[in-house]
Amino acid sequence: MLEAVNISFESLNMATLTPMLVAIVGALAILTIDLFKEEMDKTLYIVLTILFLVADLSTVLGQTMGERGFFDVMLIDGLAILAQIVLLIGSIIFIPLAFSSQRFHEYRYPEFFALFLFMTAGFQFMVATDNLILIFVGLETASLALYTLIVLHNKDKSFEAAIKYFTMGALAAGFFAFSGMIFYGLTGSVELFKIFEVLEARNFEPMILILTASVFMLASFGFKMAIVPFHTWGPDVYEGSSAALAGYISIVPKVAAFVVIMRIFEGLIASGIVWIEYIFYAIVVLTMTLANIWALVQKDVKRMLAYSSISHAGFVMAAIMIGTTQANSAIFVYWILFSFTNLGAFAMLWVSHKKDSNYHERFDHPFEKFSGMVKMSPLSAVLMGLFMLTLAGIPPFSIFWGKLYLVSSAVNAGYLVLAVIMVLNSAIAAYYYAKLIVYMFMKEPETGVDGSVYMMNASISLKVMLGIAAFFTALSIFIVNPVLELSDFFIYSSGF
Amino acid sequence: MSEETLLYIALFSPIVSSLFAALFGTVPKRVFVGVVTSGLIGLSFLSSLALFIHLQSGSGVVHVQMFDWIMAGDFSVPFGFLVDEVTVTMMLVVSLVSTAVHIYSIGYMEHDKGFNRFFSYLSAFVFSMMFLVMSDNFLGLFIGWEGVGLCSWLLIGFWYHKHSAGWAANEAFIMNRIADLGMLLGIFLIYWTYGSVQYDVVFSAVSEADGEILTWIAIFLFIGAMGKSAQFPLHTWLADAMEGPTPVSALIHAATMVTAGVYLVIRANELFALTPEVGLFIASLGAFVAMFAATMALVNRDIKRIIAYSTLSQLGYMFVAAGLGAYWIALFHLVTHAFFKALLFLGAGNVMHAMNDELNIMKMGGMRKVMGWTAILMLLASLALAGIYPFAGFFSKDKILEVAFDGHYYILWATLWITAGLTAFYSFRVVMLVFFGKERYKDFGFHPHEAHDYMIWAMVPLAVLAVIAGFFEHQFVAFVSNVLPVYEFSEHTHHMVGQLILVTSAIAITGIAIAVFSNMFREGVFSSAFRNTILFKLFDNQYYIPKIYEEVITKPYMELSKVFWEKVDMKIVDASVDGIANILRSTGENTRGMQSGNLSYMLRWMAGGMMLILLFAIVYTYSDVLLNILQGVAK
């Protein structure tokens, strides 16, 4: 007869788990409502989702740092809290985009919102633990939900994108499992802090196995972050998803993946395995540069933005390699500023999206669509121009500050060449962002176009979201300091 | 109400006003936009007045720190505002003239399509100007400095469909950019030397710096001032800026923005006091510009350009005073000048309005019969400008001449003295040609009419101040002496004051007399003999300076650009970029299978990439072994 396992409730420290539980309960609540009464208006679900996310955020803000819970699987340190804040804010500003003026397939399903909440919970699990298994569970929960969300857009392109994303995601999951297996085999633990302890004790031998495990891990999360050479899904998936979801994909999942990479690799780099630093260096430079060059030759704005997001991912990966507190805290500033701007840029595409018909036989947002936009819809042209200038890192708009802090942390840490490459890449990037501005402000409109398409999909709440994004983008000079302090505080207190 | 609140109201009600007007930027004219913005600017004036009373009662300087603005490493700029005696003087002038101009513009712009937009820009300008004068550090001053430059650009080019307006706006903007670079260098140097850009920190430590560095700082700052205040050789933009609507000329290009350079010198007086050689240069340049601009005004036929040149000339006067260390006199002249010059411009606006935007004074004449009030107001302004007792200009201008005399700079004194005569002449030439004599406008088929009553009323406060402001000289000295050093005249000059005033007034009256008589006898037309002299041609063509700029700078630059474009850009840069692009494109073509989304290809990429990195890992780990093997093979 097995002895009954006796666990006291206090020892679980459920407070560490509350935020995710809020999201999950929210998802279940939405499903239950649908069970009892079908065909509710999407507004209800949108508002419910926002409410649950806000509740989630407030429990995150109430968490205390340095706690462990649930059999020590959960780890709530400053990094976890900060990352959850960024994730949740990203999610909260994404959901109102569903208030589009045209009716879209996906928002008719309550499942969309339930999946969205499950996904958010998955990402939160990923960042709030140092247990490889829980990371895996969170990753897969979130990814599977995300694939489905893409498909719900219900176009040929979305099916294609989701299938591709799913298949490649499966491969990446395999990589992760393999890597975890090697780590477990080497150290007998799936908890990162213990893994490092043991590795250190055995003086990082045998090196080849550690490197193999690292490479698999890098490939797995490199896929999530869309860094070269694991980026190939990026443009297709961005193109296949609705512009709103593409904006989301470009930020939130990457933040989650980024935090995991940070937890795993900063330890490895700091422990003096030079090779990993080299390989990161190579990947960072390749990702920034190649993605930028590819972005140069794109004919579609959304694909251009997809490549530019890849390039930005390379930029943020540099922080992991630099690994100083300054770099880590700069990178969260970067993420926060980037999320508002990228959200704004994708939302501009979203409001110009025409249901059931592509603007062009191959692309929905070719550059020509925006020709002479300023003559027909000056305000939207100015907004789009603002987001483009910001993405290009023109002072005093938001991303400039992120870049500034990151580059200066690179210089402070002695990575002079890297800093130069980063600046050069910013210069290249300015070129393709400016290309859109040239189209909008200097070209003549195409004949027979009346400009109604630019605000086709706009509704009051979409305009409000655009206003918020533009506000934070343009006036970031005033928020960058508090954000930096916040980020500094959390990063510093969790020892990164 | 606390002083802090007053300060914020004075500063921020213009921006509220601008944003309010901007809300209606794209819709047709709404009169209430003009009324509301005028009210908000008026509110700013009242707050400034309250602050003035506060300071007058001796309750001390108002200094607020809003928050830490830029904190990058050791570089910290607290975002603060300072209202001391100098600031509040500037605030009063700016907000008063702005209020008058706002009200006036309701009438002036009544038929303009961009009515609402105009008020948005105008209020934005007031905000920038307030920001400029109220900042407690050089960086904030610079922000305001750029802000007024931007608004000036918007307003000069307000009628952007006119090619000349767009051109003039760009000219003003670019010339100011050149000068601003100097200013920025000065600010960098200040930060580098003193470790701060706060006025109080810098000025309290000002003498600690090396003399040479101080000189450079002074020079750089003055270069900035030269651009904004249109001093030679960066003066050409001011006359061209007259392309903007006339209220803009009154507010920006006469009363406020162009005096920012003078304000900068006054504000940084501790710094300039330690660099007398730069001060002397400033004074000399000022005297030169005073005369130089006055000569150009002599022969011009465009009513607005004449007034613009007179502005240039008066700015020269201010710089003489500031350069010679008589800061309060410079500020005093700045104040009185703002009143009578804004008045003069607004009067010119009335005339233009009556004449369907005709600017040529030779086509006017005898207009006092149809626009009596405007004639009276402009006459008062011209008397003040000419420096006739008891008008405001008399007191301030005379003081400047006394300063030049007192410092034994007799050449400067003589220059300014002659200029005073020229000033009197050209300002009365305008008055005579426009308001007196034969009614030439009838030949050209114009039907002038007086402006709206409220436009006249908006001008009245300025007129009153243009007349009486001079009498407050002593109160003014007492007021600003808390901040600015009081200029002490020597005994010698003290005795000579009477004679000096007499001599100056004599030349001014002579100038007026010549203008009046020449108008009586020959209708203001210059004799053909004079027209053929080189001097006349020089004056008439603005000393050929625009042409010289065109020939020496613009054209060679154009040629050079062309060479660079055709030879370097097209053949080298473009060719190489195209080359890279072509390579990329062909790579794109070749890898199309991957990008157009063959899934198995994509998976192979991913796995392949991973394997490649793994290979690197193996090579790295076993590099010694591999090397051994390779060596073995080599053997």
Side-chain angles (χ1 to χ4, degrees), chain A residues 157 160-161 163-164 166-168 170-172 174-175 206-216 218-220 222-223 227-233 235-237 239-240 273-276 278-279 282-283 293-294 296-298 303 378-379 401 404-405 408 412 431 477-478 480-482 484-485, chain B residues 22-23 25-26 66-79 117 139 143 146 577-578 580-589 591-626:
Chain A
K157 277 253 166 76
E160 185 188 329
I163 292 286
K164 280 178 184 164
F166 171 71
T167 319
M168 297 183 76
L171 185 59
F175 287 163
M207 184 64 103
I208 184 66
L209 282 183
I210 297 176
L211 291 189
T212 310
S214 309
V215 169
F216 277 110
L218 183 65
S220 170
F223 162 77
I227 52 179
V228 176
F230 313 109
H231 67 282
T232 44
W233 59 274
D236 284 350
V237 168
E239 207 185 331
I273 303 182
V274 197
W275 182 80
I276 294 185
Y278 289 160
I279 211 75
I283 285 183
I293 293 175
W294 284 322
L296 281 180
V297 293
Q298 293 305 314
R303 284 185 82 90
L379 190 63
W401 302 102
L404 183 74
Y405 286 120
S408 73
N412 286 348
Y431 176 82
I477 186 165
F478 296 109
V480 71
N481 224 359
L484 186 67
E485 272 164 22
Chain B
L23 284 180
T26 54
M66 263 176 86
F67 51 83
D68 289 333
W69 178 29
I70 300 179
M71 301 284 277
D74 300 331
F75 183 66
S76 100
V77 181
F79 193 76
R117 187 165 58 95
L139 212 57
I143 302 280
E146 293 298 301
V577 170
D578 283 355
I580 294 171
N582 284 333
I583 293 169
L584 284 171
R585 201 151 292 148
S586 58
T587 324
E589 292 295 320
T591 55
R592 187 190 283 204
M594 170 177 111
Q595 288 306 337
S596 76
N598 183 331
L599 181 57
S600 48
Y601 203 92
M602 284 160 82
L603 287 172
R604 255 176 263 165
W605 250 98
M606 202 169 141
M610 212 267 320
M611 293 307 287
L612 192 68
I613 301 176
L614 202 57
L615 193 69
F616 287 147
I618 292 167
V619 170
Y620 172 77
T621 326
Y622 296 112
S623 51
D624 348 341
V625 184
L626 286 173

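Chain A is the first sequence line, chain B the second, and so forth, proteins listed ahead of strands; every chain is numbered from 1. All values reported here derive from a predicted model rather than from experimental measurement.
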key: Sequence-distant partners of B:Ile618, side chain to side chain contact (heavy atoms under 4.5 Å, CB included), two or more places apart   = A:Ile208, B:Tyr622

request  = Please round to the nearest 0.5 Å and tell me the distance separating atom OG1 of A:Thr232 and atom CZ of B:Arg604.
outcome  = 12.0 Å

inquiry  = Applying side chain to side chain contact (heavy atoms under 4.5 Å, CB included), can you list everything that pairs with A:Tyr278, at least two apart in sequence or on another chain?
reply    = A:Val274

message = Within a 6.0 Å radius of atom CZ on A:Phe166, are there more than 12 heavy atoms belonging to other residues, nucleotides or ligands?
response = no

inquiry  = I need the B:Leu614 CG to A:Ile279 CD1 distance, nearest 0.5 Å.
reply    = 10.0 Å

key: From OG1 (B:Thr621) to CG (A:Leu211), nearest 0.5 Å   = 4.5 Å

key: Option in A:Phe175, A:Phe230, A:Phe216 with maximal non-hydrogen atom pairs under 4.5 Å from chain B   = A:Phe230

task = Give, as side chain, backbone, both or neither, the part of A:Ile283 having an atom under 4.5 angstrom from any heavy atom of chain B.
result = side chain

inquiry  = Between A:Ala172 and chain B, with a heavy-atom cut-off of 4.5 Å, which part of the residue counts as in contact: side chain, backbone, both or neither?
reply    = both

note = On a heavy-atom basis, the closest approach of B:Gly609 and A:Pro229 is CA-CG, 3.8 Å

